[in-house]
Each structure stands twice: as structure tokens, then as C-alpha cells.
2 protein chains.
Amino acid sequence: MQSKTNHYNYNLDVLKFMKTNNPTQQAVVTTADKVFEKIQHAIVEGEIPSGSKISEPGLAKHYQISRSTLREALNRLEKCHLIERKANVGSRVVQCSIEGLLELYITREALEGMACRQAANNMSDEEISNMQAMLKIHAQTQELKDGTGYYQEEGNLDFHYKVILGSHNKQLIELICGQLYHLVRMYRCQFGMYSPRASRAFDEHSSIIQAIADRDGELAEMLMRRHIAASRKNIENKIAKEITQKEQTNIQLIKS
Amino acid sequence: MQSKTNHYNYNLDVLKFMKTNNPTQQAVVTTADKVFEKIQHAIVEGEIPSGSKISEPGLAKHYQISRSTLREALNRLEKCHLIERKANVGSRVVQCSIEGLLELYITREALEGMACRQAANNMSDEEISNMQAMLKIHAQTQELKDGTGYYQEEGNLDFHYKVILGSHNKQLIELICGQLYHLVRMYRCQFGMYSPRASRAFDEHSSIIQAIADRDGELAEMLMRRHIAASRKNIENKIAKEITQKEQTNIQLIKS
DNA sequence: TTAAGTGTTATTGTCGACAATTTAAGATAG
DNA sequence: CTATCTTAAATTGTCGACAATAACACTTAA
């Protein structure tokens, strides 16, 4: 559950993308906003450990701000489900868990599936051709860096964002981009997950865009749901494998 | 778009239900919590008009609290999408619109559909029989008050809540019950919508519970989605009818 | 008359201090 | 030695005041 910062500096690009392209993202002007982003980054990257208690006086001193300003930032962190607050007790960084990760995938499957259906209905022809162009770039880059799964991950987020924004549904956009995806990025960092399904994911993206271009909302939703479900099952298998490996190690340790 | 308080006092019951049965709902202890609930009620009922600007000094004086406490309450209102804030400008009550209502239904269809699927997988036998018992009570009460659509609406919320909680998915529960449903109740009040589909909705509820009892997640999701989509289309028709009526009235006014 | 610029007013963001509550430590009884 | 109660420390919630920003009214120039 260690953070792997060097593998995830693309987050900055994605964040910038969110800020410039996401209509629901408000500009960062106030100091509370800046501190919010700093803490958010620290939580996502695991610098502030998952599950740890947050000390208001401590953090306020660390960032050289008053407690009021910090509390404003904490409120926004709570809004995107990165921390949890209890009255008269305090805040804790959300506890990452396998169950939580799977629940997140379930929720994404529902929301992004519907977003994809709406995208098929509501995206403009221009938006669609933009996305097709993006996919071509991904294809080329993939040829260069095939197997690493690194850039593909960036492309993955990029792709999902474009689809979600293409739904033209403010409610969906806000829920997924404004709230859920902070948690997604946190899990990606904490569990060190870069997709080992790069080429398959690329094919799935192609099919989804095709369905959108055909204005086939029903198919588009189904494909997106399968795409996310496949990713979830991939994780489940990986975790199951890790567990059995650990068990075998334990058995060996007992034997020796 | 007037509020119809007398028709909606059942909201208190539902709120109580949320507090006692919803694991994500935290107890109200702090004064900010109390003020939050008061303002929330005022917004939902339309006492504070949809789209109106919120004056921090004004509201603070009105509720006899400091601005800090009020801002704490405003943050929670923002979390459940009842107000929108802009930096250095202020807060506005969310603007109710037909597009917003339809977007909300789309989102509910996605989330509650998936929650229903998960409920079929995860509900305990006891929970299921509880829900079946609840439905029987609804059937009896419906016989008594058939046609009013009033109590049925309470039952409707009750039913949906039970299904959502039955998903045992914290992420889904928090998103739907903790955030979305405040907006749902607001729209219900502001647009004065008590379901005119009482008996049909009851049948749909029955089928859904049956699918859950059969542990048929796929069918359960499909039925729930159709249930919500039917409600949405019902609204769409109603609105379309109202618009044509208005147009005809306008034509008559022009003629006279 | 309209447009841009300027000064005033009001609102929001931030701060430090105090009050209320919880947590921790220590003392006392069993 | 454990458990409970009491007291002390720390943390959170709330308050009022000040600073920074935006909205408004007014003046001036084109």
C-alpha cells in the first residue's frame, strides 16, 4: 500500500485537464482552495496515510494557515469522500480496503455506463470526431510504449473523462468527475494499479467509441459496463492470487 | 412551483427513517447540524426560493448564529447539491429546472438500478421478508386511500430506501440517500409531484421485490430502471401537456 | 446617450480567541 | 491487578473582528 510517486506524476496532467475541460471544476483562487489541493494530493499519493487521524491544529500549523481556513479545505475533502468527519471527534483519512475498491467499481459501472449511454445520445459530431482522433494518438503511442501500461493509463483516464463529459449531464459529470474520481485516483496510487490490460482496454475503447458514433446508446452502455466490470474482475483475480500466494508463503514459513 | 407544505409533512417521517435506519446518516448534535436541517427544510419546501441568492449575514442573523457556524451549515447544503457556491461571490439556492429534473431521473435510474441488482445479491433473507411485509401493508393502505397517491408516495420513498440500503454498498447508499435524495425531495415539493401512478407503481414494486427474492440481480436491475424511467416519462408527458395547455391559453389570450 | 473609470459600500474569506466536548492520565476503591 | 471515577489536557465547535474581494453608484469623457 505504498505510494509510487514516480509512476503517477501523470496525475498532474489529468488534474490540469480536469481544471481546463471540466465545466464543474471551479477555479482555485482562495487559499483554502490551494490548501485543499495540496492535502488532496498528499492523501491521494499516500503521504498522509490512509485511515490516519487528521489533526486540525497540526495541519493548520504545517500549511501556515488558520484553523478556519483549514476546516474549509477539510469540508471539500469530505465532499469528495477523501476524509470522514465525526462531530466533536475529528476527521480521518478514508480507509482504503478491498471492499471499498470493489464498491467503487460497482458504482462506476452504474454511473459511467449511463454516462456512456447519454454520450451516445448527446455528444456532438465534433466531440465524437475529437475522441476518435484522440484514440488514434493512443494507438500510436501504444505501439511505442507497449507493455508498460503507463501512458495507456493516462489515456484511459482521458478517455473516460471525455465520455463522461460527453453525456452533457451535469449531475453525472459532477458525481463522477467531481467526487468519485478523486477516490479512484487514490486507490490507483495506494494499491499501485496500472492496468495490465493495455491492449485489450484499447480495443474496448474503440468499440465504445464506435457505438457512440453509431448513436447506439444501449450498446454503448453495455460495452462501457463490461469494460469497467472487466477491470474490476481483473483486480479481483489479482487480489485472489496475491492472497493464495501469501497463504502458500505462510505454509512454507510454518514448515520451516 | 409553489410549495405545498400540507401535502408533504410526511417528509419528517422519511427524515426520521433516514436518521434511524441509514448507517451513513450522522447524528445531529452540533448547532451547525441543526441549522443545516432547518435551512435544508426551508429550501426543500421552497420557503427560500429556488435560484435565490443566500445572504450569509442575513441568514446568520435570522438563525441567531455566527457566520462561521452558518458557513459550516452551507458547506453541508453544498454537499447535497442544494446550494452552489462561487468563490468571493456567494451562494445561491440551486435552480430547479426541467432539464435538472430529468438529469436527476437519469442518474437515479443508473444508481438505483445498480443498487437493486446488488440488493438481489446481498440482502439477507430477513431483510427481504421485512420488505415483503412492508409491501403488504402498503397494499392494505392503498385499498383504503386509493386514488389519493399521498400515502403511496410515502410508501414509495420507503420502498426505494429499503432497496438502496439492501445493496449493502456504502458508496451507493451515501451517494443516493446522502446526496441525491435531498434534491429529489426538493423537486417533489417545488414541482408539486405526487405520483399519479399509485397502483401501477405498487405492482412494479411487487415485481422488483419478487426478483430480489429470486436473487435475480439482472432482472431486478432492469425492473427498477424501468420503474424509474416510467416515472420520468410520466413527468415528461405531464410537462409536455402543460406546455401545450399554456400555448393554447396564450393563443386564446391573443385572440381575445 | 453610452462607455469607461473611480470611489464607496457590502459581501466574502481569513484570523485568533474562547467555550464545549472528548480523550487521556491519574487516583481510588474493590 | 483490574475497574471505575475524577481531574487535566487536548481537540473540536463557535464566536466576533479584520482583510480582501466583488458589486454598486456616481462621475467624467467620448
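Reminder, nothing fancy here: chain letters follow the sequence lines and each chain counts from 1.
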Between atom [atom1] in [X] and atom [atom2] in [N], what is the gap in whole Å?
| X | N | atom1 | atom2 | answer |
| --- | --- | --- | --- | --- |
| A:R85 | C:dT21 | CZ | C1' | 15 Å |
| B:Q64 | D:dG16 | CD | P | 10 Å |
| B:R92 | C:dT12 | CZ | P | 11 Å |
| B:E56 | D:dA22 | CD | P | 15 Å |
| A:E72 | C:dT14 | CD | P | 7 Å |
| A:R67 | D:dG13 | CZ | P | 8 Å |

If you assign A:A32 and A:N88 each to the DNA chain C nucleotide with the nearest heavy atom, which residue ends up on the more 5' nucleotide?
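Closest to the 5' end, via its nearest nucleotide, is A:A32.
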
Between [Y] and [X], does any NZ, NE, NH1 or NH2 come within less than 4.0 Å of an OD or OE carboxylate oxygen?
| X | Y | answer |
| --- | --- | --- |
| A:R71 | A:E56 | yes |
| B:E112 | B:R108 | yes |
| B:R85 | A:E72 | yes |

Side-chain heavy-atom pair B:I39, B:I83 within 4.5 angstrom cut-off:
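No, every pair of side-chain atoms sits at 4.5 Å or beyond.
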
Polar pair under 3.5 Å, donor/acceptor by atom type, side chain B:T31, base D:dG13:
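Absent.
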
Hey, does B:T30 reach any base, or is it just sugar-phosphate, or nothing, if we go heavy atoms under 4.0 Å?
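The answer is sugar-phosphate, as B:T30 gets under 4.0 Å only of primed atoms, P, OP1 or OP2.
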
Under 4.0 Å between any heavy atoms, over every strand shown, what does B:L74 touch: base, sugar-phosphate, or nothing? Just pick one.
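Result for B:L74 = nothing.
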
